[in-house]
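Scroll down for the structure; my scribbles are underneath it.
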Amino acid sequence: MRYAQGGGLTAGQQALRERVRMEAGERFAQGVKTAVIARDLRVSERSVERWRRAWRESGMRGLEATGLVNRSKLSARQFAVLEELLAQGPAAHGWKDQRWTLARVKTVIGRHFHLTVSVAGVWRLLHRNGWSWQCPARRAMERDEHAVRLWKKDVATRGNTAAALGAWVCFEDEAGFSMTPPRARTWGRRGHTPVVRVRGRSFRRISVAAMVCYRPGERSRLIYRPRVYNKRKHERTSFAWTDYRDLITCAHQQLGGPIILVWDNLNTHRAAGIRQYVDAHDWLTIVHLPTYAPDLNPVEGIWSLLRRGPLANTAFTDADHLTHTLRHGLRQIQYRPDLIDGCLTETGLTITRHNPTPTRKPQ
């Protein structure tokens with residue numbers, strides 16, 4: 001059994017540790033080496049070195065116990081208050097950046113609860129209550145949370161309408177992919193950073209417009225259209241409104257039902273041609289996402305699956321290689337409707353099933 005360091009010891013444990021330190025002090029007077037003392041007493045050499053320094057400064061008195069260690073603990077109510085304080089962000093407590101560190105949490109605990117907790121104690125406190133060290137997600141300062149909540153209520157109502165009419169709720173988004181692949185973690189020898197060789201100069205770029213479609217009782221669908229940009233003269237770099245029109249038409253033909261299309265406020269999405277197309281077809285309804293709210297679009301999850309999957313650390317030789325990899329990755333997602341459903345679950349939105357109220361037959 002090793003004699004661990006730290007607070008929260010009982011009286012018997014504290015007395016045992018004191019006897020071990022006293023025995024180590026006698027060995028110090030005899031000139032025994034640190035490694036031998038650590039092996040005989042079954043403690044770490046670091047502890048023996050710390051005891052030796054105390055013995056040199058104060059003799060055997062420096063090895064005496066100073067009393068039971070009182071480890072400060074926060075009650076459940078106090079930790080709930082601490083969570084509210086941390087939710088305000090570091091800027092509300094005087095720090096300029098938006099990063100919570102153990103030292104800062106320790107300072108907040110000292111300010112508001114007048115308790116002295118070590119940095120290791122703060123780590124154990126947060127870990128015990130379900131906190132972890134994470135990389136934060138970015139969110140625009142211009143985002144209106146109230147508008148987002150109202151939009152969610154509106155979409156819930158439209159979702160009920162879609163279920164009642166047997167319509168598909170479709171989310172659309174577009175993304176660009178270049179010859180430089182996204183980076184992903186890989187194993188390598190410590191101190192030697194792995195290197196992925198990529199093309200230094202390449203103007204080839206592929207844009208993909210994708211649409212995920214949901215309807216209760218049906219298998220989720222993924223419909224996409226790629227567009228290759230070769231940097232030719234007068235060539236359009238992004239999708240035109242006619243490309244979106246063709247994608248919507250193709251989706252309607254494949255789904256075979258009314259569509260409620262949800263997408264962002266891109267200028268092309270609000271083009272006059274799109275508005276005329278919507279007015280001319282009663283099976284199509286357009287709903288725009290609130291501004292600066294990409295987390296409400298399940299297609300963002302599709303892009304994440306691609307960048308963390310087949311595209312990660314892939315050295316593309318030419319545009320055909322990139323196109324083939326993109327098509328293969330999207331095709332694999334098409335065969336996995338559970339992944340498409342997971343992208344919707346990540347947004348916090350749900351597609352409800354409509355249960356019509358049965359009508360009584362006349363007597």
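- Residue Ile248 holds its CD1 atom at 7.5 Å from CD of Glu172, rounded to the nearest 0.5 Å.
- Side-chain contact between Arg56 and Phe28: absent, with no pair of heavy atoms (C-beta onward) separated by less than 4.5 Å.
- Of the possible donor and acceptor atoms, one in the side chain of Gln334 sits under 3.5 Å from a partner among the backbone N and O of Leu222.
- Trp283 is linked by a ring pair (Phe, Tyr, Trp, His ring centres under 6.0 Å) to His252, His281, counting only residues two or more places apart in sequence or in another chain.
- Side-chain atoms of Asp243 and Arg225, non-hydrogen and from C-beta on, never get closer than 4.5 Å to each other.
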If you look only at distance, which donor and acceptor atoms sit under 3.5 Å apart when one is on a side chain in residues 182-192 and the other is two or more places apart or in another chain?
none

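- One hydrophobic cluster, built from ILVMFWY side chains closer than 4.5 Å, holds both Val148 and Val169.
- Residue Asp338 places its CG atom among more than 12 non-hydrogen atoms of other residues, nucleotides or ligands, all under 6.0 Å distant.
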For residues 321-331, dump all side-chain donor-acceptor pairs below 3.5 Å to protein atoms at least two apart in sequence or in another chain.
| unit_1 | atom_1 | unit_2 | atom_2 | d |
| --- | --- | --- | --- | --- |
| His321 | ND1 | Thr317 | N | 3.2 |
| Thr323 | OG1 | Ala319 | O | 2.8 |
| Thr325 | OG1 | His321 | O | 2.8 |

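- By the 4.5 Å heavy-atom criterion applied to side chains, Phe177 and Arg307 are counted as neighbours.
- For the pairing with Ile286, the side-chain contact (heavy atoms from CB on, under 4.5 Å) check across Ile259, Val262, Leu261 returns one residue only, Leu261.
- At a threshold of 4.5 Å between non-hydrogen side-chain atoms, the residues Cys170 and Ile223 do not count as touching.
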